[in-house]
Amino acid sequence: KTIQDLMTLHEVGHALWTSLDMLDKMRERKIEKSFVNVIEDARIEKMVQSRYAGSRKIFRLGYAQLIAQNFFKTQGKDVNKLNLIDRINLYFKKTPDIQFTPEEQVWVNRVAVCKTEDDVLNTAEELYKWMQENPESQEQEQSESQEESMIDYSDEWDEDEVEQNMESSDESESSDEETEVTEGAED
């Protein structure tokens with residue numbers, strides 16, 4: 001139930017704050033989709049938790065459950081040997097003990113302060129370029145190419161699916177068994 005609530009809150013964040021215009025701009029500027037997704041997820045989850053204080057506990061517990069279930073496929077791996085974008089993703093998904101060099105921490109901090117879609121797009125574009133110029137940030141435990149990421153983000157944002165979900169959300173009714181997440185609620 002907690003994981004389902006987390007996923008629902010995550011998607012609510014996208015529905016409220018991720019526009020199709022952003023996806024169009026991403027494609028026009030040829031920005032790496034997985035980088036945009038990681039940074040946008042961090043932005044919208046921060047916004048959800050800021051607006052709905054009761055959601056903080058759901059995010060914390062839900063990600064702990066996902067980590068315990070090896071959802072991110074990190075068990076038995078040294079997560080600190082993953083590439084920078086994967087470590088940033090895991091850091092914002094509340095994975096403990098993620099380490100960054102001082103140069104990498106600059107990027108973590110930039111992701112943390114993204115407030116707008118343009119902030120996300122600019123940060124994604126600049127981070128991708130920085131990682132290409134700094135191959136040590138690409139160090140990986142697995143023998144993957146430098147452009148591959150440990151986590152597959154390819155199906156996270158399908159524009160047709162986003163549009164269908166937006167249309168169907170107008171028609172769906174809420175369940176009596178929903179977790180109440182109210183503005184200003186305590187953890």
Side-chain angles (χ1 to χ4, degrees), residues 1-27 31-75 79 82 85-96 98 108 111-121 123-124 149-187:
K1 178 105 172 95
T2 302
I3 292 172
Q4 182 179 5
D5 291 343
L6 173 135
M7 298 295 183
T8 301
L9 288 167
H10 176 91
E11 294 307 321
V12 164
H14 281 305
L16 290 172
W17 296 298
T18 304
S19 72
L20 294 177
D21 183 51
M22 177 187 184
L23 304 178
D24 290 338
K25 287 180 185 178
M26 175 189 70
R27 276 191 292 281
I31 302 172
E32 179 63 37
K33 182 177 172 179
S34 63
F35 281 55
V36 173
N37 188 54
V38 167
I39 298 167
E40 177 65 355
D41 281 358
R43 180 181 82 96
I44 60 104
E45 288 184 0
K46 181 179 177 183
M47 293 171 79
V48 167
Q49 292 176 68
S50 177
R51 185 168 186 178
Y52 305 105
S55 69
R56 292 182 197 132
K57 182 176 182 180
I58 293 168
F59 275 95
R60 188 178 70 251
L61 295 175
Y63 279 128
Q65 288 178 13
L66 287 171
I67 291 164
Q69 294 174 11
N70 200 27
F71 180 80
F72 301 110
K73 303 196 181 343
T74 57
Q75 286 179 0
V79 292
L82 298 173
I85 193 65
D86 284 336
R87 284 183 287 129
I88 288 172
N89 184 50
L90 293 171
Y91 174 81
F92 284 101
K93 302 286 193 246
K94 318 246 186 276
T95 302
I98 301 292
V108 176
V111 170
V113 299
C114 284
K115 292 189 181 344
T116 67
E117 291 180 343
D118 285 335
D119 292 342
V120 169
L121 293 173
T123 302
S149 180
M150 174 200 74
I151 301 168
D152 179 17
Y153 305 104
S154 61
D155 63 346
E156 295 252 356
W157 284 353
D158 179 313
E159 188 173 332
D160 294 332
E161 184 179 325
V162 171
E163 288 177 8
Q164 288 172 355
N165 288 341
M166 291 173 82
E167 290 169 6
S168 67
S169 69
D170 293 337
E171 302 165 6
S172 65
E173 296 178 5
S174 62
S175 165
D176 293 336
E177 296 180 6
E178 291 177 6
T179 300
E180 185 173 328
V181 181
T182 59
E183 292 185 39
E186 295 293 320
D187 281 3

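Because only heavy atoms are used, hydrogens play no part in the values below, and waters and symmetry mates are left out as well, while side chains stay in.
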**Q.** For Asp119, salt bridge (charged side-chain N to carboxylate O under 4.0 Å, His left out) partners two or more places apart
**A.**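 Result, salt bridge (charged side-chain N to carboxylate O under 4.0 Å, His left out) vs Asp119: none returned.
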
Q.
Between Leu90 and Thr74, does the side-chain contact (heavy atoms from CB on, under 4.5 Å) criterion hold? Intermediate values first, please.
A. CA-CA 9 Å; Leu90 293 171; Thr74 57; 3.8 Å; yes

Q) If only atom types and distance count, is the side chain of Lys46 paired as donor or acceptor with the main-chain N or O of Ala112 below 3.5 Å? A)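 Side chain of Lys46 to backbone of Ala112: a pair is present.
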
Q | Validation row: Ile67, Lys93 side chains within 4.5 angstrom (heavy atoms) | A |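 No, side chains not in contact.
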
Q. Does Met7 reach the side chain of Leu66, with side-chain heavy atoms less than 4.5 Å apart?
A.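 When only atoms from C-beta onward are counted, Leu66 and Met7 do touch, with a gap below 4.5 Å.
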
Q: For Tyr91, look at atom OH and say whether over 12 heavy atoms of other residues, nucleotides or ligands are found less than 6.0 Å away.
A: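 Open.
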
Q | Heavy-atom neighbours of Gln65 CD exceed 12 at 6.0 Å | A |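 Yes, enclosed.
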
Taking atom [atom1] of [X] and atom [atom2] of [Y], what is their separation to the nearest 0.5 Å?
| X | Y | atom1 | atom2 | answer |
| --- | --- | --- | --- | --- |
| Met26 | Lys33 | CE | NZ | 6.0 Å |
| Asn89 | Leu82 | CG | CG | 10.5 Å |
| Phe59 | Asp5 | CZ | CG | 10.5 Å |
| Glu11 | Leu6 | CD | CG | 10.0 Å |
| Ser50 | Arg56 | OG | CZ | 7.0 Å |
| Lys94 | Leu61 | NZ | CG | 11.0 Å |

Q. Passes side-chain contact (heavy atoms from CB on, under 4.5 Å), Ile44 versus His10? Steps please.
A. CA-CA 7 Å; Ile44 60 104; His10 176 91; 4.0 Å; yes

Q. Quick one: which of Leu16, Val12, Thr18 gives a side-chain contact (heavy atoms from CB on, under 4.5 Å) with His14?
A.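 Filter result, single survivor: Thr18.
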
Closest approach of [X] and [Y], non-hydrogen atoms and distance?
| X | Y | result |
| --- | --- | --- |
| Gln75 | Ala68 | NE2-O, 3.0 Å |
| Lys115 | Arg43 | O-NH1, 3.1 Å |
| Thr2 | Gly62 | CG2-N, 3.5 Å |
| Cys114 | Ile39 | SG-CG2, 3.9 Å |
| Glu45 | Phe92 | OE1-O, 4.2 Å |

Q: Go through the steps for Val48 and Trp17 under the test side-chain contact (heavy atoms from CB on, under 4.5 Å), then give the verdict.
A: CA-CA 10 Å; Val48 167; Trp17 296 298; 3.6 Å; yes

(Q) Before you tell me yes or no, could you show the steps for Glu40 and Met22 under side-chain contact (heavy atoms from CB on, under 4.5 Å), namely the whole-Å CA-CA distance, both residues' side-chain angles and the distance that decides it to 0.1 Å? (A) CA-CA 10 Å; Glu40 177 65 355; Met22 177 187 184; 3.6 Å; yes

